[in-house]
Each structure stands twice: as structure tokens, then as C-alpha cells.
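Heads up, the thing below is written out as C-alpha cells.
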Amino acid sequence: MKIGELADRTGVSVRALRYYEEKGVLRPDRTAAGYRIFTDADVRTVSHIQRLLAAGLGMDLIGQILACLSGDTLLLDACRERLEAERRRITGDIDQLVHTRSLLDDLLATTRAPARRSA
DNA sequence: CTTCTTACA
DNA sequence: TGTAAGAA
């Protein structure tokens, strides 16, 4: 399928799709006229990209993670290391957020204002 | 009409 | 990422 159809089927803009290719996470074939040709597998790949992007990962890392999903067993170990490193990173982020939340909870508990009446 | 590339009030 | 411009 051409880029327009992939865009429709994924809800991702044509612009973003071309950007993903530029980043190497998508490698569509080209027609003689230079049109990008995507496969059905690319529809799923784009879904993965969306999830990873939503998780706060950068395109660089996403490219590496997607490479793991491509089933290249020779790179599997290296891929696992990357994924484990990212897992540790987000765990740190989560800890930070939990800490910040408790800080806000304390603040809210000590700044509770008296009930207001309607104006 | 759709896609391509390049570039940026 | 959007959008504009010129070409295919």
C-alpha cells in the first residue's frame, strides 16, 4: 500500500510516517516512480511505534527496540540489554513520580482550606 | 487527485 | 509535525 493508505489505516499523518522512515524504523520499498510501498506488517509496526512513543521513548531507542521485534536472533542479546536498560530507566522515572506525588499529597493535606460557601 | 522533496512566519 | 511550493 502507498503512504496515504497506511496513514488512513493507522491514524498517523503522512508526515510522521515519512519521519519514521527517516529515522529508520520503517523501511518501505519504492516503486519505479519513487513512491513508498508499505506492507501489512508495517501497520502493526506503526502501532508499536505509537505505543512506545506514548511511553515516552525516543525514536532512536524505538528503532533499536523494533529491531528486536524483527526477529534477528544474532542481535537478540544486545537487544535485551537495551530493553533492560530502558526498563531500569523508566523504573527510576516512576520512583521519582511516586516521590513527587507524596510530596503533593502532603502539601494538599496541610493547605486544606475551609469549606467555601456559594458566592 | 496522490506522492515526492525541501524548507520554514 | 504542520504546511507550502514545484514537479512527477
Side-chain angles (χ1 to χ4, degrees):
Chain A
M1 72 187 88
K2 291 199 300 298
I3 199 168
E5 186 181 338
L6 181 60
D8 290 335
R9 292 171 49 168
T10 61
V12 175
S13 70
V14 169
R15 177 73 165 84
L17 257 18
R18 295 200 182 105
Y19 177 69
Y20 296 164
E21 179 196 29
E22 188 180 303
K23 289 304 165 188
V25 294
L26 286 179
R27 345 198 56 88
D29 281 21
R30 295 284 187 141
T31 65
Y35 284 18
R36 274 165 271 246
I37 296 301
F38 300 89
T39 64
D40 299 302
D42 289 324
V43 175
R44 302 172 208 142
T45 299
V46 172
S47 296
H48 289 148
I49 294 174
Q50 296 303 296
R51 305 179 66 218
L52 267 10
L53 236 32
L57 306 200
M59 284 302 304
D60 301 341
L61 185 59
I62 290 178
Q64 298 179 56
I65 292 178
L66 256 34
C68 296
L69 276 45
S70 296
D72 188 328
T73 54
L74 291 178
L75 297 175
L76 194 56
D77 284 346
C79 281
R80 287 192 61 83
E81 286 180 42
R82 291 239 57 99
L83 269 66
E84 287 166 357
E86 184 57 19
R87 205 201 107 83
R88 285 194 294 278
R89 192 187 70 68
I90 68 173
T91 295
D93 287 350
I94 290 172
D95 290 343
Q96 179 60 61
L97 286 170
V98 168
H99 180 264
T100 300
R101 182 178 59 185
S102 65
L103 191 65
L104 292 175
D105 284 341
D106 291 343
L107 196 56
L108 287 168
T110 56
T111 59
R112 189 173 302 134
R116 283 174 305 181
R117 288 178 321 231
S118 58

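All of these numbers come straight from a predicted model, not from anything done at the bench. Residue numbers begin at 1 in each chain, while the letters A, B, ... track the order of the sequences.
A/R101 CZ: 12 or fewer foreign heavy atoms inside a 6.0 Å radius.
The closest side-chain heavy-atom distance from A/K2 to A/F38 is not below 4.5 Å.
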Taking only N/O atoms, report every protein-nucleotides 6-9 of chain B pair under 3.5 Å with atom names and distance.
none

Watson-Crick or G-U pairs under 3.5 Å in DNA chain C, rendered as dot-bracket with [ ] for crossing pairs and | for another strand: .|||||||

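One atom, CG of A/L17, and another, C1' of B/dC4, lie 14 Å apart when rounded to the nearest Å. In this structure, NZ of A/K2 is placed 19 Å from P of C/dA8, rounded to the nearest angstrom. A/E21 places its CD atom 12 Å from the C1' atom of B/dT3, with the value rounded to the nearest Å.
When all heavy atoms of A/S13 and A/A7 are compared, the pair lying nearest together is C-CB, 4.4 Å. In terms of heavy atoms, A/D93 sits closest to A/R89 at OD2-NH1, 2.9 Å. For the pair A/T111 and A/L107, the tightest heavy-atom approach, listed with the atom from each and the gap, is OG1-O, 2.8 Å.
Taking side-chain N and O atoms only, A/Y19 has no distance below 4.0 Å to OP1 or OP2 of B/dT5.
Taking a 4.0 Å limit (strictly below) on heavy-atom distances, residues 31-40 of chain A reaches DNA chain C at A/Y35.
Of the possible donor and acceptor atoms, none in the side chain of A/D106 sits under 3.5 Å from a partner among the backbone N and O of A/L103.
Evaluated for a side-chain contact (heavy atoms from CB on, under 4.5 Å) with A/M1, the options A/D8, A/I37, A/D40 yield exactly one hit, A/D40.
A/Y35 and A/V46 fall into different hydrophobic clusters, where Ile, Leu, Val, Met, Phe, Trp and Tyr are joined by side-chain heavy atoms under 4.5 Å apart, directly or via other members.
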Criterion side-chain contact (heavy atoms from CB on, under 4.5 Å) on A/E21 and A/L17, from CA distance to verdict: CA-CA 6 Å; A/E21 179 196 29; A/L17 257 18; over 6 Å; no

